[in-house]
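To start, the structure itself, in structure tokens.
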Amino acid sequence: MTPAALSRSRAPGWAAWLAAAALVLVWPWPVLANTPADRLIRVEGRRFEYAPGTVAVNTGDRVTLELVAADVVHGLHLDGYDLTLTAEPGQTARLTFVADQPGAFRFRCSITCGPLHPFMVGQLTVGTNAFFWRAAGLIGLAALAAVWGPQR
Amino acid sequence: MTPIHLELTQPPAVRAALQSRWPQWLAQAGLLAGFAFTIQIGLFGPAAGNANFAVIAVWIAWWTALKLVFIPFGGRAWCGLCPIPLPGEWLQRGALLGPAGRGWTLNRRWPRRLRGAWLQVGGFALIGLFSAVILTEPRVTAWVLLGLIALAMIASVVFERRAFCRYLCPIGGFTGLYARLAPLALRVKDPAVCAAHTEKVCYTGCAGGYGCPWGNFPAAVRDNAYCGLCFECLRSCPHDNLALSLRPFGRDVVARAGARLDEAWLALLMLGSVLVYTAVFLGPWGWLKTAAYSVGSPAWLGYAAGFVLINLGLLPALFGLAVRAGQALSGSRRPLRAAFAGQARSLAPLGLAAWVAFTIAFAFVKFPLVWAVFSDPLGLGWNLLGYSAAVIWPEISASSRLAQAAVLALGMFGAARVAVRTADQTREALPVIAFCLAAALALLWLLIG
């Protein structure tokens with residue numbers, strides 16, 4: 001047996017790679033201890049962006065989200081939490097929720113506000129975006145499996 | 001181990017259905033009618049893109065179906081149904097259905113120096129520069145569709161065969177690049193039969209079928225990239241020597257032979273475009289959206305310069321460096337051009353996965369708009385399907401993110417696999433794999449980071 005063939009014969013089988021992928025996806029993520037706090041987040045909506053476009057809070061925070069429409073009517077629908085706000089021009093709409101689901105969630109304008117309305121988005125990150133790191137690990141593992149996994 | 005290979009045209013009924021012109025013709029004619037309707041609504045319907053049938057039907061429904069269904073599973077299956085070349089082809093052939101009459105065409109050969117995918121690279125880059133307007137303005141969408149039909153007609157009356165599809169259509173360039181990954185393939189069953197058959201009617205045409213509209217000699221077709229699944233060869237072959245088959249995904253893409261530089265640039269442009277589109281359309285940067293939309297403004301000029309620089313400068317340079325590094329690591333003596341073109345095959349699985357992940361993030365959440373415009377196609381306030389009144393944002397965050405990550409991981413696996421197989425040694429492939437990994441992680445960050 002050639003050294004290359006010997007090395008291939010010692011390569012982990014697909015079951016091992018799949019088990020590693022499962023571990024990457026479900027391995028318990030360290031949770032940072034933090035005291036839940038009341039947070040006031042003021043987001044200004046103007047065609048076709050939110051300012052700030054990215055917002056971060058800690059898991060468990062009680063978040064009051066204020067939406068101010070700077071030019072025309074804007075909405076804000078928060079994925080993952082299924083919450084919607086609508087603000088008239090120059091006015092402020094607000095709602096309060098507990099950020100109990102960790103991760104990154106898009107919020108998007110829910111009221112047609114112009115040609116780029118479908119792309120008016122922002123992002124709320126609650127705690128650590130563990131799924132991103134797990135997904136990155138999965139992609140890295142896929143590259144390793146392709147090179148050092150069984151070749152057939 | 002015998003590779004899995006399932007011949008779909010073995011049942012006589014299936015073969016007969018594909019040999020008959022009617023099913024395909026009816027589908028294409030129906031789609032052409034839909035196309036004409038879409039253009040009309042684009043020109044004269046609601047001004048708001050997300051309420052206009054043309055924008056939603058083309059850029060959400062069709063574009064999603066192309067990337068998620070047609071290409072991954074059917075390769076160029078859409079090209080076999082596409083209505084864009086139909087009017088020009090009718091003129092060129094002087095017939096609506098089978099071979100008959102004399103067409104209106106100069107029947108010139110496509111210029112040798114314009115062969116390859118270079119014009120498609122230019123066309124796709126041009127669309128990229130104006131994408132924010134094309135995607136959101138119904139009238140612009142309609143004019144783009146009209147322009148494509150006009151271009152296809154001009155190509156048909158000046159040149160022979162389907163010059164538009166083969167050399168000009170930017171969507172065709174996109175489709176052909178990724179069609180190599182698809183399991184569906186139309187190939188000759190026994191090359192010896194073709195070699196012995198002197199008439200070559202599959203290329204020249206006969207009473208049963210036109211000569212290959214894509215300019216292929218079917219016995220020489222080795223991959224899906226330039227087979228438009230029009231089934232003319234299936235109709236013209238007197239020996240029934242062609243078969244539509246299913247085989248494993250990605251069979252065509254691992255071949256080193258036939259790798260071309262123009263296709264490598266196309267693959268880099270496709271990968272770069274999806275990164276830029278994700279940043280523009282799904283990122284939180286309003287200034288970037290506005291710049292991409294404000295055609296002609298200084299901000300747009302900056303966006304256009306950035307788009308061209310990233311896609312036709314930075315990415316090819318980085319990829320070239322990766323290929324060169326691989327050669328240095330492995331001591332490979334392959335010419336750099338050949339290594340560049342060969343290793344670029346690895347961009348196909350990653351590129352398709354990137355487009356699928358982008359589409360999942362981009363289109364799934366907007367799918368209620370499809371039901372809404374089909375419920376009110378003219379924008380007159382109708383509610384034919386009961387969807388117009390309430391567009392509900394679907395709650396698909398978790399499943400959508402998981403699907404995006406899984407698709408990107410699959411694409412990365414395919415890219416690394418192809419890189420290893422198209423390299424002289426595994427070591428040669430490692431820098432290219434690192435390039436692909438960086439691109440995949442950058443896209444992941446833009447999508448769910």
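Scope of the values below: all heavy atoms of this structure, side chains included, with no hydrogens, waters or symmetry mates. Convention: sequence-line order gives letters A, B, ...; per-chain numbering from 1. If you're wondering where the values come from, they're calculated on a predicted model, not measured in any experiment.
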What is the minimum heavy-atom distance between [X] and [Y], and which atoms define it?
| X | Y | answer |
| --- | --- | --- |
| B:Val420 | A:Val147 | CG2-CG2, 4.0 Å |
| B:Pro284 | A:Thr54 | CG-CG2, 3.9 Å |
| B:Ala416 | A:Ala143 | CB-O, 4.0 Å |
| A:Pro115 | B:Glu137 | CB-OE2, 3.9 Å |
| A:Asn129 | B:Gly449 | ND2-C, 3.4 Å |
| A:Ala142 | B:Met412 | CB-CB, 4.4 Å |

More than 12 non-hydrogen atoms from neighbouring residues, nucleotides or ligands closer than 6.0 Å to [atom1] on [X], yes or no?
| X | atom1 | result |
| --- | --- | --- |
| A:Trp27 | CH2 | no |
| B:Arg427 | CZ | no |
| B:Trp63 | CH2 | yes |
| A:Trp29 | CH2 | yes |

Pairs of heavy atoms under 4.5 Å with chain B: top-ranked of A:Leu25, A:Leu141, A:Thr112, A:Leu144: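 If we count pairs closer than 4.5 Å to chain B, A:Thr112 comes out on top.
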
Taking every heavy-atom pair that is under 4.5 Å apart, which of A:Gly122, A:Ala21, A:Ala51, A:Ala104 has the most such pairs with chain B?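 Most pairs with chain B among the choices: A:Ala104.
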
Tell me every residue that passes ring-ring contact (aromatic ring centres under 6.0 Å, His included) with A:Phe48, counting only those two or more places apart in sequence or in another chain. none

Contacts of type ring-ring contact (aromatic ring centres under 6.0 Å, His included), residue B:Phe413, not counting sequence neighbours: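 Checked B:Phe413 against ring-ring contact (aromatic ring centres under 6.0 Å, His included); matches are A:Trp14.
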
Pairs where residues 280-296 of chain B contributes a residue and the test salt bridge (charged side-chain N to carboxylate O under 4.0 Å, His left out) is met, not counting sequence neighbours: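 Listed once each, the pairs would be none.
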
Look up atom [atom1] in [X] and atom [atom2] in [Y], then write down how far apart they are to the nearest 0.5 Å.
| X | Y | atom1 | atom2 | answer |
| --- | --- | --- | --- | --- |
| B:Leu447 | A:Arg106 | CG | CZ | 7.0 Å |
| B:Asn50 | A:Phe119 | CG | CZ | 9.5 Å |
| A:Trp133 | B:Ile448 | CH2 | CD1 | 11.0 Å |
| A:Arg47 | B:Thr290 | CZ | OG1 | 9.5 Å |
| A:Leu116 | B:Ser294 | CG | OG | 8.0 Å |

Side chain, backbone, both or neither of B:Ile433 within contact of chain A (heavy atoms, under 4.5 Å): side chain

Is chain A contacted by the side chain of B:Leu437, its backbone, both, or neither, given a heavy-atom distance below 4.5 Å? side chain

Looking at chain A, which one of B:Trp285, B:Trp445, B:Trp287 has the largest number of heavy-atom pairs inside 4.5 Å, strictly under? B:Trp445

Given B:Leu441, B:Leu282, B:Leu408, the one with more heavy-atom pairs under 4.5 angstrom with chain A than any other is B:Leu282

Quick one: which of A:Phe105, A:Phe131, A:Phe132 gives a side-chain contact (heavy atoms from CB on, under 4.5 Å) with B:Arg401? A:Phe131

Give me the contact list for residues 88-96 of chain A versus chain B, heavy atoms only, anything under 4.5 Å, ordered by residue number. none

Under 4.5 Å from any heavy atom of chain B, what part of A:Arg46 do you find: side chain, backbone, both or neither? neither

